[in-house]
Amino acid sequence: MAAQASSGLVPGFPADFGWGVSTSSYQIEGAVDEGGRGQSIWDTYSHEPGRTARGETGDVSCDHYHHWQEDLDLMADLGVSVYRFSIAWPRVMPSGKGPLNEEGVDFYSRLVDGLLERGIMPFPTLYHWDLPQALEDEGGWVNRDTTQRFAEYAAAMFERLGDRVDHWLTHNEPWVTAFMGYIGSEKAPGVYNDWPQALRVSHHLLLSHGLAVQALRASSAASAKIGLAPNLHPTRPFSDSPEDVKAALTWDGFQNRWFLDPVFKGHYPEDMLAEYERFSFEEAVEEGDLAVISSPVDLLGVNFYHRAVVKTEPNSPYLGLTCVPTQLPLTEMGWDVTPDGLPEMLLRIKRDYGDIDIYITENGAAYPDKWDGGDIVEDPQRVEFIARHLEALSQAVAGGVHVKGYCVWSLLDNYEWEKGYDKRFGLYYVDYPTQRRIPKRSALWYRDQIAASRTGAA
Ligand code: FCB
C-alpha cells in the first residue's frame, strides 16, 4: 500500500484496543467442492432459481480458500490485531456429525497459525449461517437434535484449535438465521412465514449457544473467552402515534431482547412470550433449557449497522411491522446511516445487562465503488461512515462501556448473500474475474487510524 497520510482520525481509544476486520466462510472462501467440504444450506439455497440476485452463488466468491495467505498479508498491511472469521461447519464435518474432515481442519489450523505469525488474534465464529445440508435434511435448526450436533462440532473445534485460539463466538446474528430464514425467506433455508418453526429455531440456536459455552468450559481450552454476536438495532417509532410507539417496542423485543434476555437474564421477555403464545412457542422449551442458555459468557459481539425505525405494515409477515429508511443518503443496502445508534445501544446494554466486554464484531457499509484499473479505489463515503461510527463508539468508551475491539465488515468485497456481488462492503475492492485485491481509500484511512491510535497520535 502506498504511504498516505489521512486526516480526520478519531481519538478516544485505549492503546491496546482491538482493531479488526470481519468476514465469513461462505461469503469469501469459494472452493465449495474442494478439500472434502460437504454441502451447506447456502449451496442449496443459492442454486435454487429465483433466490439470489442474478442467480449468484458463493461457489467461487473471493476464492479465499486459495488466496488466504495473500489475504492475511492484507490484514498485516492494515495493522489489525483482530481477525473475526467463521469456520464452515461442512468443511470440517461434511455431514454435520461424525468424523472430522482433516483437510478442512488443516485449512483453519494453518489460517490460525498464519494469523498468530502476523500478530493477529484469531476470533472465529462457529456458525455464520452455513449449516451442513445433511443436517437440514434431518430438519435443520427446527430439529432439537441439531443443538447436540452443534455442541459436538464446537467441542471438536475447541479441541483442535483451542491450543491457539482464545476468543470464540458461537452464533452470528441468530435473529437472521431464525426470522429471515423462516419468516421473510430471504435467507437459507428460505421458508416463508412459519412462526412456530421460526420460534423453535430461535430457541434451538440459543440452546446450542449455551451447550457450546458449556462444551468450552469442559474442554482443555476452558479459560478461553466466548460469546455470541447478535445484530442489534436500537428502535424508534416512525411517528408518535400509539400504534408506531407500540410497534417500536415490539420490534425491540422481537430483534434485541429476544436474544439478550435469555442469555444475560435467563428468561425470555414477558411481552414477547405473550405475543408468541398463539404460535405455541413454549412447547419448544424444555426444563433446564434457560439455565443452559444463560451459561455465563465472557463477551458480547455486537453487529451494528443501523437504527430500526418501525411502523405497522399489515402485509408484513414480521408481526405486521416493518422498518423504514428515514434519512438520505442511504447506503447501497438502502440502510440509514445512524452512528449515534451505536452508543445508544451499547449504553443500554450496560444499563440493562451489566458490564460485559463488548466487541463490535461487524460495522460497515456498501457503496457503489468503481475501479478504474488504477492502484486505489476512491470510497469517500465509506471513510466517512467508519469515521463517524468510530467517533460515536468513542462516546460509548467515554461512557464506561467495556469496548474491547471493533471489526470493520468487511476486509474484502464479498458475496452479500441473496444480494450477490454488487453490494461491495470491503476495505479492499475485489476484481472477481482476476481475483485481484485493490485497496480502497478506506483501507489506507483505517491503517492510519490504527497506527495513530496505537501511538496516541490520533
Ligand atoms: C450481516 C451479516 C454479514 C454481512 C453483513 C452486511 O447481517 O452478518 O454476513 O452480510 O450483514
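Order of appearance sets the numbers: ligands from 1, and atoms from 1 within every ligand.
- For ligand 1, the atoms sitting less than 4.0 Å from at least one non-hydrogen atom of H128 are 2 (C), 3 (C), 8 (O), 9 (O), numbered in the order shown with element in parentheses.
- Only the side chain of Q27 comes within 4.0 Å of ligand 1, judged by heavy-atom distances.
- Looking at heavy atoms from C-beta onward, K423 lies out of side-chain contact with D413 at the 4.5 angstrom threshold.
- Ligand 1 places these atoms under 4.0 Å from at least one heavy atom of F425: 6 (C).
- The closest protein non-hydrogen atom to atom 10 (O) of ligand 1 is E416 OE1, 2.7 Å.
- The single protein non-hydrogen atom nearest to atom 5 (C) of ligand 1 is Y305 OH, 3.3 Å, given as residue, atom name and distance.
- Checked against the 6.0 Å centroid criterion, the rings of W175 and F259 do not qualify as a close aromatic pair.
- Taking only nitrogen or oxygen atoms, main chain and side chain alike, E173 reaches within less than 3.5 Å of ligand 1.
- Considering both main-chain and side-chain atoms, W129 never comes within under 3.5 Å of ligand 1 through any nitrogen or oxygen pair.
- Taking any N or O of W409, backbone or side chain, none lies under 3.5 Å from an N or O belonging to ligand 1.
- Checked against the 6.0 Å centroid threshold, W335 and H306 count as a close aromatic pair.
- Comparing E418, M180, E362, K423 against atom 2 (C) of ligand 1, the shortest heavy-atom distance belongs to E362.
- In summary, the aromatic rings of Y276 and W195 are positioned with their centroids under 6.0 Å apart.
- For the pair K97 and Y153, the cation-pi test (distance below 6.0 Å, angle within 45°) is failed.
- For the side chain to side chain contact (heavy atoms under 4.5 Å, CB included) criterion with L412, the lone passing option out of L74, T23, V21 is L74.
- Y127 has its ring centre no less than 6.0 Å from the ring centre of W129.
- In N172, the part holding a heavy atom less than 4.0 Å from any atom of ligand 1 is the side chain.
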